[in-house]
Amino acid sequence: MFFEKNHNFVPCKVSKQMMMEDLLIDYTVKAIEVIYKQVISKDTVAIQRTRKDFEGDFTLVVFPFTKISRKSPEQTAEDIGHYLKSILKEIYSYNVVKGFLNISIKHRVWVQFLKDISTKEDYGYATNNSTSPIVIEYSSPNTNKPLHLGHIRNNLLGWSIAEILKANGKKVVKVNLVNDRGIHICKSMLAWQLFGNEEEPTENLKGDKLVGKYYVAFDKAYKEEIKSLINKGLTEEEAAKKAPLIIKAQELLLKWEAGDAETIALWKKMNNWVYAGFDLTYKKLGIDFDKTYYESETYLLGKKLVEEGLKNKVYAKKEDGSVWADLTTDGLDEKLLLRSDGTSVYMTQDIGTAQLRYDDYQAEKLIYVVGNEQNYHFDVLKLVLKKLGREWANNIFHLSYGMVELPEGKMKSREGTVVDADDLIKEMIDVAKKKGEELGKAEGLNNEESELLFKQIGLAALKYFILKVDPKKNMMFNPEESIDFNGNTGPFIQYTYARIQSIFRKAKENNIHLVEFPNDTAINDKEKEILLLLYEYPKIIKEAGETYSPALIANYVYELAKEYNQFYHDHPIIKEEFGNVRSLRLVLSEKTGKVIKSAMHLLGIEVPEQM
RNA sequence: GGCCCUAUAGUUCAACGGAUAGAACGGAAGUUUCCUAAACUUUAAAUUCAGGUUCGAUUCCUGGUGGGGCUACCA
């Protein structure tokens, strides 16, 4: 708002410099044609950013053309460089290093570029270009245990990718799939009945924690029963099957499937506790969904579809009554689809869920954000659906992300090495508060404001730490060391943003106004570096969307913040004497702030005005 | 056993087949009369091994070794 009054820039169209690389590619093709009389395809032309140690903005790699030119790489680069400079008025100069043609663009082009984007509020975002939506599933919790660190990665990835796809002009539907039925739920229910004394959730014990507690209690009691049975002479396997608790749990599952009123009532009561608990965690994380599916509502459809497959003879029933899909011709094994007692398995439910989801949205793509341990499951799911003639199974995309590992190895709930989501979030915020207060970051803020600030900072540290890693890769989380607020972290980027906002506050206090600066206003190396980074933002969003990778956004925004901090350190902004230069730096700062905020939003990270 | 993923500074992460492999943390040394020092500057430090394809390989292929996962009438 500070700028709007004084701004009088030419409205932005997609101007030439927005397509600088395309331009260079086109004219390189032309150059080869004119100089060497040979037509080449565009995708043999590689344009990249010039490395920092060399002079130039863009670099053309000419090695591939030496066969055509029959000249040395240097001479070929020289030929093409000479042609390009003579025909493209945007080019200021070029230089040749080995087979690399480094091209410098005129500064005025970059200044005009800054003006072009300065008035664009949604800079970097693509316009709406989809009709049918992309459905993205993430989180997918079980109702017998609380959310943990693995879910956090899943949730952050899912939410961020949904935002990135929206920024790419896609319609997106965010869905959750809750596994709310099965033997594991019955275990919690049974334990609560036996040992619970009607315990209900309290402020200190959220519903999901309460139910999780009884799941653990079941496991403990069950193990003791097994032990005593083994002492009585049974084998471990027999004991595991004959322990009274497991038999009771199985009975409870049968009652549930039969619709027994009392069982259903208890199930509903306990699940609702869990949902209330999950909601609190999602809210704290800033995660939401457009729709929630429950497996209790999809498994029957799954069963029906298995029956359909049986009728069409694409699945087969064995003597004991169990139903299987034979995938051996596809290089996989046989897969169980219905147990011999007719009850459904995980795959059965997923078949039903997929069908329901497809019917609901006719999605152009169905994305499942699920850990890479389930790669095989999704290979099977797609095949099993295709055997049913569901061609849309080709649109299923398993976004397979890597595990979060702890220094002591994989998280295992039974060994108590799980990092609880609520605990971790609280820990991050507490540390942010402690360090923030030491540094006096909350000065001038009231209680409510400083609480919000430390929450933003703690969450930024957590979210950025997780999202900056390539989703496909396993990652290490060390609770002792991973909580950091300096360097390549979320808070560092937030700090950069806050500094920029502080400049505007100061500018206003000092009554500094913008003037319209001419295109030949001088820019220094740092400014140009920032401009080139801003220029790349739309490409980064596009690439992040194509590869479903928030990490690209994270690494980009860090780079931008780092460059800006260097610029800020080396050059005065509001203290710059010359009005043209000062105005340019203010506009550059403002736009950098906006892109930081925009990129951080794509990661689900808020930026404070002051810190 | 079979199948899949993975290997980069002490540590955690980057690098469409392109130049001298980038950062951060940690280590060493510096920068506050100057728009916020959660910042900035300098410095030491890495591609698991053996082959192959290529003008060029951290990247692609083959093999070895290390790590992880899947291979349930669990989810």
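None of the values given here were measured: they were computed from a predicted structure. Here is the naming used below: chain letters follow the sequence lines, and residue numbers restart at 1 for every chain.
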Review point. Counting side-chain heavy atoms from C-beta on, which of C13(B), U36(B), A38(B) comes nearest to K506(A)?
Key: U36(B)

Check your understanding: Looking only at atom C1', what distance separates U47(B) and A57(B), rounded to whole Å?
Key -> 11 Å

Practice item. Report which part of the nucleic acid D341(A) touches: base, sugar-phosphate, or nothing (heavy-atom distance under 4.0 Å, all strands). Key: nothing

Check your understanding: Heavy atoms under 4.0 Å, any strand shown: does N102(A) hit a base, just sugar-phosphate, or nothing?
Key -> base

Exercise for review: Just call it for T59(A): base, sugar-phosphate, or nothing, with non-hydrogen atoms closer than 4.0 Å on any strand.
Suggested key: base

Study note, to complete from the structure: In whole angstroms, the gap separating P of U36(B) from CG of L445(A) amounts to 15 Å

Practice item. Kindly label the base of U6(B) as syn or anti, based on whether its glycosidic torsion lies within 90° of 0. Key: anti

Review point. Which residue lies toward the 5' end of RNA chain B, K472(A) or N142(A), if each is placed at its nearest nucleotide?
Key: K472(A)

Review point. Does Y315(A) use its side chain to pair, donor to acceptor, with the backbone of V384(A) at less than 3.5 Å?
Key: yes

Review point. Just checking Q494(A): base, sugar-phosphate only, or nothing, at a heavy-atom cut-off of under 4.0 Å?
Key: nothing

Review point. Would you call K71(A) and E78(A) a salt bridge, taking side-chain N to carboxylate O under 4.0 Å as the test?
Key: no

Review point. When we call it a touch if two heavy atoms are under 4.0 Å apart, what does P73(A) touch: a base, just sugar-phosphate, or nothing?
Key: nothing

**Study point:** Nearest-Å distance for atom pair NE2/P, residues H377(A) and C5(B)
**Key:** 19 Å

Point to revise | Interatomic distance where CD belongs to E405(A) and C1' belongs to C5(B) [whole Å] | key: 12 Å

Point to revise | Listed nucleotide nearest any side-chain atom of K441(A), set G22(B), U36(B), C74(B) | key: U36(B)

Review point. Base, sugar-phosphate, or nothing: which does F54(A) touch, judged by heavy atoms less than 4.0 Å apart?
Key: base

Exercise for review: Identify whether any heavy atom of I457(A) sits under 4.0 Å from a base atom; if not, whether one sits that close to sugar-phosphate; answer base, sugar-phosphate or nothing.
Suggested key: base

Revision key, fill the gap. Checking A39(B), C25(B), A19(B) against the side chain of D484(A) (C-beta onward), the nearest is C25(B)

Review point. Across the strands shown, which category fits A498(A) at heavy-atom distances under 4.0 angstrom: base, sugar-phosphate, nothing?
Key: base

Practice item. Rounded to whole angstrom, note down the C1' distance from C70(B) over to U59(B). Key: 26 Å

Check your understanding: Can you tell which of C13(B), C35(B), A19(B) lies closest to the side chain of Q48(A)?
Key -> A19(B)

**Study point:** Whether over 12 other heavy atoms sit under 6.0 Å from K539(A) NZ
**Key:** yes

Review point. Using a cut-off of less than 4.0 Å, is there contact between a side-chain N or O of R339(A) and OP1 or OP2 of C74(B)?
Key: yes

Check your understanding: When all nucleic acid strands are considered with a 4.0 Å heavy-atom cut-off, which category describes E543(A): base, sugar-phosphate, or nothing?
Key -> nothing

Exercise for review: Using whole Å, report how far CG of D570(A) lies from C1' of U31(B).
Suggested key: 12 Å

Practice item. Determine the interplanar angle of the Y537(A) and Y556(A) rings, folded into 0 to 90°, and report it as parallel if under 30°, tilted if 30 to 60°, perpendicular if over 60°. Key: parallel

Point to revise | Between A24(B) and U42(B) - P atom distance, rounded Å | key: 10 Å

Check your understanding: Quantified in whole Å, what is the C1' atom distance between nucleotide G67(B) and nucleotide G26(B)?
Key -> 24 Å

Practice item. Could you tell me which nucleotide pairs with A72(B) by Watson-Crick or G-U wobble geometry, both distances under 3.5 Å, or answer none if nothing does? Key: none

Check your understanding: Is the Y36(A)-F65(A) ring centre distance short of 6.0 angstrom?
Key -> no

Check your understanding: U20(B) pairs with which nucleotide, Watson-Crick or G-U wobble, both distances below 3.5 Å?
Key -> none

Review point. Rounded to whole angstroms, how far apart are CD on Q250(A) and C1' on C74(B)?
Key: 12 Å

Check your understanding: How many Å lie between CG on D379(A) and P on C3(B), as a whole number?
Key -> 15 Å

Practice item. Please measure how far the C1' atom in U31(B) lies from the corresponding atom in G69(B), and state the result in whole Å. Key: 49 Å

Review point. Hey, does G436(A) reach any base, or is it just sugar-phosphate, or nothing, if we go heavy atoms under 4.0 Å?
Key: base

Check your understanding: Taking the C1' atom of each, how far is A23(B) from C40(B), in whole Å?
Key -> 15 Å

Exercise for review: With heavy atoms under 4.0 Å as the rule, sort Y376(A) into base, sugar-phosphate or nothing.
Suggested key: sugar-phosphate

Review point. NA contact type, M403(A), heavy-atom cut-off 4.0 Å: base, sugar-phosphate, or nothing?
Key: nothing

**Study point:** Closest nucleotide among C35(B), A38(B), C40(B) to the N565(A) side chain
**Key:** C40(B)

Exercise for review: Let me know, please, whether F100(A) or F454(A) comes out on the 5' side of the other along RNA chain B by nearest nucleotide.
Suggested key: F100(A)

Practice item. Tell me what V61(A) touches on the nucleic acid: a base, only sugar-phosphate, or nothing, going by heavy atoms under 4.0 Å. Key: base

**Study point:** Nucleotide A38(B), atom P - distance to CD of E443(A) in whole Å
**Key:** 11 Å

Exercise for review: Please tell me which of the listed nucleotides, C40(B), A19(B), U12(B), lies nearest to the side chain of M476(A)?
Suggested key: U12(B)

Practice item. May I ask you to decide if the ring planes of Y535(A) and F58(A) are parallel, tilted or perpendicular, using 30° and 60° as cut-offs? Key: perpendicular

Check your understanding: Does the N474(A) side chain pair with the main chain of M403(A), one donor and one acceptor, at a distance under 3.5 Å?
Key -> yes

Point to revise | N486(A) side-chain N/O to A24(B) phosphate OP1/OP2 under 4.0 Å | key: no

Exercise for review: Return the stacking result for G18(B) and F63(A): yes when the ring centres lie under 5.5 Å apart and the planes under 30°, no otherwise.
Suggested key: yes

Exercise for review: Could you check whether the rings of W267(A) and W256(A) sit parallel, tilted or perpendicular, using 30° and 60° as the cut-offs?
Suggested key: perpendicular

Exercise for review: Give a yes/no on whether any side-chain N or O of K468(A) is located under 4.0 angstrom from OP1 or OP2 of C13(B).
Suggested key: no

**Study point:** Paired nucleotide for U43(B) [Watson-Crick or G-U wobble; both distances under 3.5 Å]
**Key:** G27(B)

**Study point:** Listed nucleotide nearest any side-chain atom of A46(A), set C16(B), A38(B), C4(B)
**Key:** C16(B)

Check your understanding: Looking only at atom P, what distance separates G51(B) and G10(B), rounded to whole Å?
Key -> 24 Å

Exercise for review: Starting from C1' on C5(B), measure out to CD on E373(A) and report it in whole angstrom.
Suggested key: 13 Å

Point to revise | Check: F567(A) ring centre within less than 6.0 Å of Y564(A) ring centre | key: yes

Point to revise | Rounded distance in Å between the P positions of A7(B) and C60(B) | key: 9 Å

**Study point:** Close aromatic pair by centroid cut-off 6.0 Å: F63(A) and F100(A)
**Key:** yes

Exercise for review: Scan H184(A) against the nucleic acid and name what it touches under 4.0 Å (heavy atoms): base, sugar-phosphate only, or nothing.
Suggested key: sugar-phosphate

Check your understanding: Does R499(A) have a side-chain nitrogen or oxygen under 4.0 Å from the phosphate oxygens OP1 or OP2 of A38(B)?
Key -> no

Review point. Is the shortest side-chain N/O distance from K562(A) to OP1 or OP2 of A24(B) below 4.0 Å?
Key: no

Check your understanding: Given U36(B), is OP1 or OP2 found less than 4.0 Å from the side-chain N or O atoms of S502(A)?
Key -> yes

Check your understanding: Does A39(B) have Y495(A) stacked on its base, where the ring centres are within less than 5.5 Å and the planes differ by under 30°?
Key -> no

